*Asks:* 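Once you've had a glance at the structure underneath, I'll fire off some questions.
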There are 2 protein chains.
Amino acid sequence: MDADMERPTLDEVARLAGVSKATASKVLNHRRYVSEDTRRRVEEAIGRLGYVPTTGPRDAASLRAVNVVFDTLANVYSAQVLSGIVGAARAQDVEVLVDALDPAAGDAGGPLSASWIRRLATHGRAGVIVVTAELTAGQRAQMRAAGLSVVVIDPLNPLDDEVVSVGSTNFAGGLQATRHLLDLGHRRIAYAGGVSVSAPSRERLQGYLSALSDAGVAADPGLVLEQGFSFRAGREMAATLFARERPPTAIFAGSDASALGVLEAARRQGLRIPDDLSVVGFDDTYSAFTTAPPLTTVRQPIEDMGRVALRTLLQQARGERPDSHHIQLATQLVVRESTTAPRPE
Amino acid sequence: MDADMERPTLDEVARLAGVSKATASKVLNHRRYVSEDTRRRVEEAIGRLGYVPTTGPRDAASLRAVNVVFDTLANVYSAQVLSGIVGAARAQDVEVLVDALDPAAGDAGGPLSASWIRRLATHGRAGVIVVTAELTAGQRAQMRAAGLSVVVIDPLNPLDDEVVSVGSTNFAGGLQATRHLLDLGHRRIAYAGGVSVSAPSRERLQGYLSALSDAGVAADPGLVLEQGFSFRAGREMAATLFARERPPTAIFAGSDASALGVLEAARRQGLRIPDDLSVVGFDDTYSAFTTAPPLTTVRQPIEDMGRVALRTLLQQARGERPDSHHIQLATQLVVRESTTAPRPE
DNA sequence: TCTTATTTCCGAAAAAGTTTCTGATATTTG
DNA sequence: CAAATATCAGAAACTTTTTCGGAAATAAGA
């Protein structure tokens, strides 16, 4: 192949496939009345020449759409991330396509599958934002090969330094939450976090441990549980903690959803919030201030994370180096009504 | 409107505007070097002729993407609708693009604007699903002219019979909720609903009134408030009701979000749920069973509504007549722990 | 088996749209 | 105030899609 940098035209594809450009056009647009054989020859020629159609917005301007893949859409967190992404996308005049992983369906053609990645590339997508989902090294490599940029938000699995991720200062958040409880006078503080492979959860735990250590409080391994970020996990962890010989006077939950689970477990146990038990959440989703009582929680700027992820993705797609491989946005403690001083013994 | 008018071409637009088609093309693609005056003339001509660009794939075979427009993404309801849509889209092998209305930004190029609609048509979208947002007759007409199908979910404004809408059996839901409270022995039951222009809210109110009437209970106008479906609206309506001379023993809230507001107002008032006050919500979003106590609510099959909306949209786009212009999915009462018999007087 | 329709298939030419380039004005700048 | 630069519109060139006519294949009758 000569160093012809010119973009191949449909005519060249047609010539290579031995058909007219009218027929090549039909193949490209999935029209009827093209024999299977002809179709295959044209497809082959398209692949060989690396032909990309030039209809509509051209050049770099054609990278005007991104895909977002969610682990699940079934929670407020996802909605808020998406809200941030869509807002930023509107400002940058790019379109947002949404996919959700379906654990039921296999990976046949679904999000993050090989054929899905190829399709994105041929459709001129700028890249993919992966939200709270797992991204394997293989998937990462396929995307790179296809020329797709990737940004990950709160990844479920640890990733090499090549992939850009956006998160928040989880360590600081864990520190803030735990210090708040210590300042109120609590000493038996539990951590009810996500599964231990989750990097954000681990970092929050480290912050928790660090705060305890700073305050000269010995950490009790019996008060650290890591079953998940879900409502159900929170409820179950709280039930376990209430059954301890000396139950905690405060629980730091790894997410708002699990904090809600703690609240429900407390209600079942007949504990009043915050008098009998202080609870701190994490995220500050919309559900944090719609609980009774409103939840003290560590605020992650979730919508900002979406915005930053989109902007970073577009930067990458334009070939600019991102400012950093791991972008952390600041967390902030929001004190509401689910925490107070422990009862005097 | 003439049915088989030839579609106007760019040349005709150019002629009407008194420019060359090259210049008209520039306007269409937002390119530089077009004077404001010329741009306006061309835009005017485009509007007058109802021109829609025809570049790119545009036949039925390629209608493999739909746009979804949300009033806001900032709640669980939107997330669940989207979840249903994305699931069905995956099954049908179509892609989903998400937009959110931004009240801050004007309508310059934003979702539902004229240029937005044109762009969708150019990009071969099958149509648009509008979720809990307002759709004007003008927007509807532009979409029809551009050959885009439309399906509306829980519309904010009343619509003519031409546009297909998907909702749930709101009247029956109102009936179910109110009967449940009546069966428990309540007689002073309040309705804390959405604003009265909202068709779903009105229908729920009618169900409420009908149930009361069936039971021979006189409706007290002082117990009917219609301030909105939001958390805040729910909290404020509840506060108002608690201040009544004879406060209600049960509140039927128009949505789960407003039911959460009622819960919070009750907590502030020192009322225990369900002993001092029974609360019924509407929607059965994820937030309904993550409250303390879990909420008795009228289940709308929200994800199914998304699924049905997508399928109906694709049917329409294929030129098939939809089964019905207004599709209502069945509601179902889900009894949890926020309702019980009223205290004996 | 031999017409006669019908459907499939392909390409030449026409149609539709975008980009380049050229020339004419305006607007800035040293 | 001349030179450089930016803006603007249209003719021509170019890319892609669609139409349409005819060839080949397939189905249907008699």
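Given the structure is predicted, the values throughout are model-derived calculations rather than measurements. Naming: A, B, ... by sequence-line order, numbering from 1 per chain.
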*Asks:* C/dT18 P sits how many Å from B/L10 CG, rounded?
*Replies:* 6 Å

*Asks:* By nearest atom, which of the nucleotides D/dA11, C/dC10, D/dT17 is closest to the A/V34 side chain?
*Replies:* C/dC10

*Asks:* To the nearest 0.5 angstrom, please state how far the CG atom of A/D154 sits from the OG atom of A/S168.
*Replies:* 6.0 Å

*Asks:* Is A/R31 close enough to D/dT17 that one of its side-chain N or O atoms is under 4.0 Å from OP1 or OP2 there?
*Replies:* no

*Asks:* Of the nucleotides D/dT17, D/dA9, C/dG11, which one has an atom closest to the side chain of A/K21?
*Replies:* D/dT17

*Asks:* Round to the nearest Å and state the distance from A/E12 atom CD to D/dC14 atom P.
*Replies:* 13 Å

*Asks:* Assess whether one donor atom and one acceptor atom, taken from the side chain of A/K26 and the base of C/dG11, lie less than 3.5 Å apart.
*Replies:* yes

*Asks:* Which nucleotide, C/dC10, C/dG17, C/dA13, lies nearest any side-chain atom of A/A22?
*Replies:* C/dA13

*Asks:* Quick one: B/N29 CG to C/dA16 C1', roughly how many Å, whole number?
*Replies:* 13 Å

*Asks:* Hey, is A/R125 close enough to B/E95 for a salt bridge, meaning N to O under 4.0 Å?
*Replies:* yes

*Asks:* Could you work out which one of D/dT18, C/dG17, C/dC10 sits closest to the side chain of B/T9?
*Replies:* C/dG17

*Asks:* Would you kindly give the CG-to-P distance between B/D37 and C/dT25, to the nearest whole Å?
*Replies:* 18 Å

*Asks:* Report yes if at least one side-chain N or O of A/R32 is closer than 4.0 Å to OP1 or OP2 of C/dC9; otherwise report no.
*Replies:* no

*Asks:* Indicate whether OP1 or OP2 belonging to C/dT8 is found under 4.0 Å from a side-chain N or O atom of A/Y33.
*Replies:* yes

*Asks:* Nearest whole angstrom, please: distance from the C1' of C/dT19 to the CG of B/L28.
*Replies:* 14 Å

*Asks:* Looking only at side-chain N and O atoms, does B/T38 come under 4.0 Å of OP1 or OP2 in D/dC8?
*Replies:* no

*Asks:* Evaluate side-chain contact (heavy atoms from CB on, under 4.5 Å) for A/I327 paired with A/T312, printing each intermediate quantity in order.
*Replies:* CA-CA 10 Å; A/I327 300 167; A/T312 307; 3.6 Å; yes

*Asks:* Is the phosphate of C/dG11, meaning OP1 or OP2, less than 4.0 Å from a side-chain N or O of A/T23?
*Replies:* yes

*Asks:* Can you tell me how far the CZ atom of A/R41 sits from the OG atom of A/S35, to the nearest 0.5 Å?
*Replies:* 7.0 Å

*Asks:* Rounded to the nearest angstrom, tell me the gap between atom CZ in A/R15 and atom P in C/dA12.
*Replies:* 13 Å

*Asks:* Tell me: CD of B/E36 to P of C/dA26, nearest whole Å?
*Replies:* 18 Å

*Asks:* With the side chain of A/V19 defined as its heavy atoms from C-beta on, choose the nearest nucleotide among C/dC10, D/dC8, C/dG11.
*Replies:* C/dG11

*Asks:* Salt bridge between B/R48 and B/E44, side-chain N to carboxylate O under 4.0 Å?
*Replies:* yes

